[in-house]
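Worksheet for the structure shown next.
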Amino acid sequence: MKNVKTINFRNIGDESGYLTPIEAERDIPFGIKRVYYITGVRSGERRGFHSHRDLHQLLICVSGSVKILVKTPFEEKIIILDKPYEGLYIGPMIWREMFDFSEGSALVVLASEHYSEDDYIRDYPQYEKEAREYWSKRS
Ligand code: T46
């Protein structure tokens, strides 16, 4: 799926524990301007329901597991994040929903830009309209 890919990072360690380094522009395809994390999500809650126009992000479930639905007007898939050394890159114009957060899970997100509500498309019909135009220029 274009603008979506899983990336495996190094997982350095042994019985004493593990360390995963992530370096901007080396391990992931963008510079990092913002980090945020999502914790304490109750079972049954679903988040997301939006796309970004220009933002690049990397999602890593550093503890527990979560499912991510990624969708365009043409295709969709569900990716399970359950390893602290696996990231999900999501580029521009991908609708996303996060669900099935396991108890105690922590989803860390690295983002290419500072927070801007103007970059969000939270209305699905509006997303579909903009996405069809965006993807028609890239097919
Ligand atoms: C995304 C998925 C994976 C801020 O003030 N600063 C921030 O950096 C962010 C990300 C959010 N906010 C505010 C905006 C809302 O009032 O926090 C509130 C919750 O945000 P939202 O409903 O957008 O959260 P999610 O979990 O639906 O989506 C988040 C990110 O917003 C989004 O970019 O791709 O995680």
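As the structure lists them, so they are numbered: ligands from 1, and atoms in each ligand from 1. Only a predicted model underlies this, so the values are computations on that prediction, with no experimental measurement involved.
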Within 4.0 Å of some non-hydrogen atom of R96, the atoms of ligand 1 are 1 (C), 34 (O)
Quick look: F49 vs ligand 1, heavy-atom contacts under 4.0 Å, and the answer is neither
Residue, atom and distance of the protein heavy atom nearest atom 31 (O) of ligand 1 read Y120 OH, 2.6 Å
Please check whether L55 reaches ligand 1 - meaning an N/O of the residue sits under 3.5 Å from an N/O of the ligand, judged on distance alone.
no
So the atoms of ligand 1 within less than 4.0 Å of a heavy atom of I38 turn out to be 26 (O), 35 (O)
Query raised in the report: So, R122 and E117, do they make that salt bridge, N to O below 4.0 Å?
Result: yes
Flag atom 12 (N) of ligand 1 as yes if some protein heavy-atom distance to it falls below 4.0 Å, otherwise no.
yes
Taking CZ in R138 as the centre, count heavy atoms belonging to other residues, nucleotides or ligands within less than 6.0 Å. Is the count above 12? yes
* To do: Would you mind checking if K137 and E133 are paired as a salt bridge, meaning a charged N to carboxylate O distance below 4.0 Å?
  => yes
Among non-hydrogen protein atoms, atom 32 (C) of ligand 1 lies closest to H50 NE2, 3.0 Å
Judged by heavy atoms only, the candidate from H114, Q57, E113 nearest atom 34 (O) of ligand 1 is Q57
Ranked by distance from atom 9 (C) of ligand 1, the top protein heavy atom is Y115 CD1, 3.6 Å
Among H52, R47, R34, the residue with a heavy atom nearest to atom 25 (P) of ligand 1 is R47
shortest atom 23 (O) of ligand 1-to-protein heavy-atom contact is with R122 NH2, 2.9 Å
message = For S65, is there any backbone N or O sitting under 3.5 Å from a side-chain donor or acceptor partner on S102?
response = yes
_Before you tell me yes or no, could you show the steps for Y89 and I28 under side chain to side chain contact (heavy atoms under 4.5 Å, CB included), namely the whole-Å CA-CA distance, both residues' side-chain angles and the distance that decides it to 0.1 Å?_
CA-CA 8 Å; Y89 165 76; I28 60 173; over 6 Å; no
Any heavy atom of E117 under 4.0 Å from ligand 1? The part involved is neither
re atom 30 (C) of ligand 1, the protein heavy-atom contact at minimum distance is Y36 OH, 3.1 Å
Q | Nearest protein heavy atom under 4.0 Å from atom 16 (O) of ligand 1, yes or no | A | no
cation_pi(K71, Y127) dist<6.0 Å, angle<=45
no
Looking only at heavy atoms, the pair that brings D118 and R53 closest together is O-NH1, 2.7 Å
* Main-chain N/O of P92 paired with N3 side-chain donor or acceptor, under 3.5 Å -> yes
Side chain S112, main chain I32, donor-acceptor under 3.5 Å
no
- Just to confirm, does any protein heavy atom lie below 4.0 Å from atom 27 (O) of ligand 1? yes
Between R34 and E113, the two heavy atoms sitting closest are NE-O, 2.9 Å
Looking only at protein heavy atoms, what sits closest to atom 3 (C) of ligand 1 is M98 CE, 3.5 Å
